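We use all heavy atoms of the structure for the numbers below, so side chains are in, but hydrogens, waters and symmetry mates are not. This one's a predicted model, so the numbers in the text were calculated from it and none came from an experiment.
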Amino acid sequence: MLKKHPAIKKNDKVIVIAGKEKGKIGTVLKVDAEKERLIVEKVNVVKRHAKPNPRTGQGGIIEKEASLHISNVMIVCNKCAEPTRIGKRVLEDGTKIRTCRKCGEAVDA
């Protein structure tokens, strides 16, 4: 099955629209296009128990962000500051940009 390329990219500002973290806003740290999941800064924080090892040093309980499904977040427009869907537009010079569906402003800065 052919997967669609995600419209959300690293460093985009997103809002969580579903689940226990609903309403939280953060920046995308990592996008896994194959699994259709992403990691958002300070959202969906989980605790993991780690053994001490040479790479991490001291063990203990580590808090880190867990991934969210890409359908549970919406991109936040820089201009109108609202959650929006992504549109695509081809400029005169042939480059493709992502646009806000509400105000038409370019999302790619």
Applying a strict under-4.5 Å side-chain criterion to I, L, V, M, F, W and Y, I'd like to know whether V31 and V73 cluster together.
yes

Who else is in V46's hydrophobic cluster (ILVMFWY, side-chain heavy atoms under 4.5 Å, direct or via others)?
none

Rounded at 0.5 Å granularity, tell me how far CD in E36 sits from CD in E34.
10.5 Å

Applying side chain to side chain contact (heavy atoms under 4.5 Å, CB included), can you list everything that pairs with T95, at least two apart in sequence or on another chain?
L91, D93

Report all side-chain donor-acceptor pairs from residues 57-68 shorter than 3.5 Å, counting only partners two or more places apart or in another chain.
unit_1: E65; atom_1: OE2; unit_2: K42; atom_2: N; d: 3.1
unit_1: S67; atom_1: OG; unit_2: R37; atom_2: NE; d: 2.8

Per-pair distances, 0.1 Å, donor-acceptor, side chain in residues 11-29, under 3.5 Å, sequence neighbours excluded:
unit_1: D12; atom_1: OD1; unit_2: R98; atom_2: NH2; d: 3.1
unit_1: D12; atom_1: OD2; unit_2: K9; atom_2: N; d: 2.8
unit_1: D12; atom_1: OD2; unit_2: R98; atom_2: NH1; d: 2.8
unit_1: D12; atom_1: OD2; unit_2: R98; atom_2: NH2; d: 3.4
unit_1: E21; atom_1: OE1; unit_2: K24; atom_2: NZ; d: 2.8
unit_1: E21; atom_1: OE1; unit_2: N44; atom_2: N; d: 3.4

Shared hydrophobic cluster, I8 / V40 (ILVMFWY, side-chain heavy atoms < 4.5 Å):
yes

Distance-only criterion, 3.5 Å: show the donor-acceptor pairs between side-chain atoms of residues 79-89 and protein atoms not counting sequence neighbours.
unit_1: E82; atom_1: OE1; unit_2: K102; atom_2: NZ; d: 3.3
unit_1: T84; atom_1: OG1; unit_2: R101; atom_2: N; d: 3.3
unit_1: R89; atom_1: NH2; unit_2: G104; atom_2: O; d: 2.9

Kindly indicate whether the side chain of I97, heavy atoms from C-beta on, has any atom under 4.5 Å from the side chain of T99.
yes

